[in-house]
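Presented below is the structure to which this report refers.
Below, all heavy atoms of this structure are taken into account, side chains as well, without hydrogens, waters or symmetry copies.
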Amino acid sequence: ARRTSSTALAAVMVALLAMPAGQALAQGATGAKAANGARGVAALGRLEPEGGIVRLGLPSMPEAVSGTVVTKLYVERGADVQAGQLLAEADTVGVLKAELAEARAALETARRDARAAVSLADEACVLADVASRQAKRQAELLNRKLTSDDVADQAKGNADAGAATCKARRAAASVAESRIAGAEAAVTRQQAELERAYLRAPFAGRVLDVLVKAGELAGAEGVLELGRVQQMYAIAEVYETDIRHVKVGQKARVKSDALPKPVTGTEIRIRPKVQKLDEIGTDPAARKDARIIEVEVKLDDSTAAAALSLLQVEVEIGR
């Protein structure tokens, strides 16, 4: 029996030695998976704030078509800001304030014109009412032969003209009042244009970088970068051949020499896009034809990672 076992073992060893290296490694990986019940995945990755790094900019407008000059910066790199906090101011603020004042003056003029038009309409309608009563009295006198046809006709003409004038004045007052709505809309638009000249934080976070200084032109590159560092993520770059071993909800371990100790996390999302490794990788020895899928790992503790956005890390998922 002992001799038979030795012979069988020798036969297995000879078969493995004769097998191609890739096939032997594949069978070894399969064996490891079967023994452990699940296969872990290791990948390089980077640290990112929740939602990524957001680049904030100032819009171009008729007053600054080619870009906006930043006149004031209210924050520095590394500053923690609250949602709605003022971060920077453009040089178009002065012009837009003047245009807003002009729009408000036009609104006040429209309101006064409307009040005057209503007063004129009221006056015309009162006169028309008086003329109408006089025409009725003249008509009664004419029936009693106490006045002439010419006088009655004149009274009726005055009444008809007064009624037409009243109607016209009412229409003019209505037009004047409608101009108020247009003037109010112009004020609202100018207020919105002025607000665009102020850069405010869209969410609470940390200023990761300031891209322009006061007095410089802010173009498409933006003014500063902001991140929600209160919650950090590790973005693992998993080879497409390994993604089948990654499941939502798996635990992960993130480590780097820059971190005081490894950080744990939970895989929460597999991004639905395959990318070429050379689009995000910088290793000249890496496989340039390799394709990866990004996997988001939510860190359990973001304290140490909050100041290390874009740090390259090693991520072990499901190990």
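A donor-acceptor pair under 3.5 Å links the side-chain atoms of T68 to the main chain of P59, judged by distance alone. Within the 3.5 Å criterion, the main-chain N or O of D129 finds no donor-acceptor partner in the side chain of S132. At least one donor-acceptor pair closer than 3.5 Å links the side chain of T109 to the backbone N or O of A105.
Under the 4.0 Å criterion applied to side-chain N and carboxylate O atoms, R170 and D122 are assigned as salt-bridge partners. Between E123 and R169 there is no salt bridge, since no side-chain nitrogen of the basic residue lies less than 4.0 Å from a carboxylate oxygen of the acidic one. Under 4.0 Å is where a charged nitrogen must lie from a carboxylate oxygen, and between E108 and R112 at least one such pair does. Using a cutoff of 4.0 Å between basic side-chain nitrogens and carboxylate oxygens, E193 and R196 are scored as salt-bridged. A salt bridge is absent between E99 and R189: the closest approach of a Lys/Arg side-chain nitrogen to an acidic carboxylate oxygen does not fall below 4.0 angstrom. A salt bridge is absent between R228 and E50: the closest approach of a Lys/Arg side-chain nitrogen to an acidic carboxylate oxygen does not fall below 4.0 angstrom.
In this structure, CE on M232 lies 11.0 Å from OG1 on T303, to the nearest 0.5 angstrom. L96 contributes atom CG, which lies 12.0 Å from atom CD of Q191 (distance to the nearest 0.5 angstrom). Atom CD in E237 sits 10.0 Å away from atom CZ in R271 (nearest 0.5 Å). The CG atom of L86 lies 5.0 Å from the CZ atom of R200; values are rounded to the nearest 0.5 Å. In this structure, the separation between CD on Q138 and CG on L146 is 10.0 Å, given to the nearest 0.5 Å. For the atom pair CZ (R179) and OG (S174), the distance works out to 10.5 Å, reported to the nearest 0.5 Å.
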Start with the C-alpha distance between Q250 and H245, add both sets of side-chain angles, then the distance that settles side-chain contact (heavy atoms from CB on, under 4.5 Å), and finish with yes or no. CA-CA 10 Å; Q250 283 181 306; H245 302 296; over 6 Å; no
Checking side-chain contact (heavy atoms from CB on, under 4.5 Å) for the pair L299/L47: CA distance, chi angles, key distance, verdict? CA-CA 10 Å; L299 302 186; L47 295 181; 4.2 Å; yes
Applying side-chain contact (heavy atoms from CB on, under 4.5 Å), run through E314 and L44 and close with a yes or a no. CA-CA 5 Å; E314 299 174 16; L44 291 177; 4.0 Å; yes
Run the side-chain contact (heavy atoms from CB on, under 4.5 Å) check on K276 and R291 step by step: do they pass? CA-CA 4 Å; K276 290 184 66 176; R291 299 174 71 83; 3.5 Å; yes
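Here the side chains of V93 and L194 are in contact, with some heavy-atom distance below 4.5 Å. Side-chain contact between R55 and E225: present, with at least one pair of heavy atoms (C-beta onward) separated by less than 4.5 Å. P49 places a side-chain heavy atom less than 4.5 Å from the side chain of L208.
Hydrophobic cluster membership differs between Y233 and V238, with clusters built from Ile, Leu, Val, Met, Phe, Trp and Tyr side chains linked at under 4.5 angstrom. Both L311 and V315 belong to a single network of hydrophobic side chains, linked directly or stepwise wherever heavy atoms of I, L, V, M, F, W or Y lie under 4.5 Å apart. Following chains of ILVMFWY side-chain contacts shorter than 4.5 Å, one can reach I270 starting from V254, so the two form part of one hydrophobic cluster. Both V274 and V295 are assigned to one and the same hydrophobic cluster, defined by single-linkage of ILVMFWY side chains at heavy-atom distances under 4.5 Å. I243 and I268 fall into different hydrophobic clusters, where Ile, Leu, Val, Met, Phe, Trp and Tyr side chains are chained together by heavy-atom contacts under 4.5 Å.
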Between side-chain atoms of residues 154-165 and protein atoms elsewhere (two or more places apart, or another chain), which donor-acceptor pairs fall under 3.5 Å?
unit_1	atom_1	unit_2	atom_2	d
Q154	NE2	N158	OD1	3.4
K156	NZ	D160	OD2	3.1
N158	ND2	Q154	O	3.3
T165	OG1	A161	O	2.9

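By the 6.0 Å contact criterion, CG on D257 is open, its count of non-hydrogen atoms from other residues, nucleotides or ligands being 12 or less.
Taking both residues in full, the closest heavy atoms of E296 and I235 are given as CG-CD1, 3.8 Å, listed atom of the first, atom of the second, then distance. The shortest non-hydrogen separation linking G249 to T266 is O-CG2, 3.8 Å. The two residues A103 and V187 have their closest heavy-atom pair at O-CG2, 3.4 Å. Taking every heavy atom of both residues into account, A236 and A43 meet most closely at CB-CB, 4.5 Å. Of all heavy-atom pairs between L211 and G222, the closest is CB-O, 3.9 Å. In terms of heavy atoms, E267 sits closest to V246 at OE1-CG1, 4.0 Å.
Under a 4.5 Å side-chain heavy-atom cut-off, the cluster of Ile, Leu, Val, Met, Phe, Trp and Tyr residues that includes V212 is completed by V54, L56, L58, V70, L73, V75, V81, L87, L199, F203, V207, V210, V223, L224, L226.
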